[in-house]
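Below is one structure; the comments refer to it alone.
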Amino acid sequence: MSASVERVYALVRRIPAGKVMSYGQVAALCPPLTARRVGQLMARALGSDIPWWRVVGSDGTLRTHRRDPMLAELQKAYLQSEGVLFTKDGRVRMTPEQVVNPATFEVELP
DNA sequence: CCCCTGACCCTAG
DNA sequence: TCTAGGGCCAGGG
């Protein structure tokens with residue numbers, strides 16, 4: 001397992017409850033990984049101790065819906081239970097209060 | 001090796 | 001706001 005992949009997991013584990021990060025945001029902090037690859041990794045993280053539900057599309061949409069609409073429902077339930085606010089059309093409000101600020105987000109390398 | 005498929009994303013129109 | 005297209009790249013058939 002590559003160092004950047006380990007870094008993704010370490011990073012996602014540090015996203016606090018009540019906040020989210022986009023796939024691209026995570027990828028930007030874990031070069032040379034791309035947003036697409038981060039998505040693959042999150043899909044594989046189901047059932048682990050990694051809070052995959054705190055990673056969403058850059059526009060706040062729940063991309064898990066592509067794989068399984070029910071999974072998106074589960075994700076929404078988790079996020080709402082953590083206090084994350086949604087827009088009327090079912091997307092996460094991508095406000096600075098809810099989105100992790102990468103600049104202020106220090107991560108120790110695995 | 002070719003082809004296709006993703007929990008993506010940004011730009012144009 | 002929304003769609004289409006191109007870029008992206010690891011895995012699997």
Side-chain angles (χ1 to χ4, degrees):
Chain A
M1 182 109 8
S2 75
S4 42
V5 171
E6 293 293 344
R7 188 178 164 80
V8 167
Y9 294 141
L11 199 151
V12 172
R13 267 191 283 255
R14 289 201 45 165
I15 302 175
K19 294 213 173 205
V20 301
M21 278 210 274
S22 74
Y23 298 93
Q25 216 173 14
V26 172
L29 294 174
C30 307
L33 297 185
T34 61
R36 224 182 166 92
R37 180 102 175 85
V38 172
Q40 295 175 22
L41 294 173
M42 288 304 99
R44 202 179 70 179
L46 281 176
S48 70
D49 62 330
I50 298 164
W52 54 266
W53 59 90
R54 309 218 262 244
V55 184
V56 302
S58 63
D59 60 353
T61 56
L62 304 184
R63 309 303 292 228
T64 49
H65 185 279
R66 280 174 63 69
R67 177 172 172 180
D68 178 3
M70 296 302 284
L71 188 55
E73 291 304 309
L74 177 64
Q75 180 174 21
K76 186 173 184 181
Y78 278 144
L79 289 173
Q80 290 188 313
S81 73
E82 297 179 343
V84 173
L85 302 177
F86 285 72
T87 59
K88 293 174 183 178
D89 52 320
R91 302 185 308 173
V92 172
R93 283 184 188 287
M94 298 304 269
T95 59
E97 295 79 47
Q98 299 205 122
V99 179
V100 171
N101 179 348
T104 313
F105 199 61
E106 305 273 331
V107 189
E108 58 274 15
L109 299 168

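Naming convention: chains lettered A, B, ... in sequence-line order (proteins, then strands); numbering from 1 in each chain. Computed from heavy atoms alone, side chains included, the values below leave out hydrogens, waters and symmetry copies.
- Under the rule for a side-chain contact (heavy atoms from CB on, under 4.5 Å), the partners of A:Ser2 that lie at least two apart in sequence or sit in another chain are A:Ser4, A:Val5.
- Partners of A:Phe105 by ring pair (Phe, Tyr, Trp, His ring centres under 6.0 Å), not counting sequence neighbours: none found.
- With rounding to whole Å, A:His65 atom NE2 is found 15 Å from B:dG6 atom P.
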Find every protein N or O atom lying less than 3.5 Å from an N or O atom of nucleotides 2-6 of chain C, and list the pairs.
none

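- By the side-chain hydrogen bond (donor to acceptor under 3.5 Å, both in side chains) test, A:Ser48 is found to be paired with no residue, residues two or more places apart in sequence or in another chain being considered.
- Atom pair A:Leu74:CG and B:dA7:C1' shows a separation of 13 Å (rounding to whole Å applied).
- Under the side-chain contact (heavy atoms from CB on, under 4.5 Å) criterion, A:Phe86 pairs with A:Leu62, A:Lys76, A:Leu79, A:Gln80, A:Val84, A:Val92, sequence neighbours left out.
- Protein atom CH2 of A:Trp52 is 18 Å distant from nucleotide atom P of B:dG6, rounded to whole Å.
- Screening residues 22-38 of chain A for side chain to side chain donor-acceptor pair (under 3.5 Å) gives A:Arg37-A:Gln40 as the qualifying pairs, with residues at least two apart or on separate chains.
- Atom CD1 in A:Ile15 sits about 14 Å away from atom C1' in B:dA7, given to the nearest Å.
- The salt bridge (charged side-chain N to carboxylate O under 4.0 Å, His left out) pairs that include a residue from residues 38-63 of chain A are A:Arg13-A:Asp49, A:Arg54-A:Glu82, A:Asp59-A:Arg91, where partners are two or more places apart or lie in different chains.
- Rounded to whole Å, atom C1' of C:dC8 lies 10 Å from atom CD of A:Gln40.
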Under a 4.0 Å heavy-atom criterion, the protein footprint on nucleotides 8-13 of chain B, written with B, S and -, is BSS---

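- For A:Gln98, there are no side-chain hydrogen bond (donor to acceptor under 3.5 Å, both in side chains) partners, not counting sequence neighbours.
- Rounded to the nearest Å, the gap between the C1' atom of C:dG13 and that of B:dC1 is 12 Å.
- The aromatic rings of A:Trp52 and A:Tyr78 lie perpendicular to each other, with more than 60° between the two planes, well past the 30° mark.
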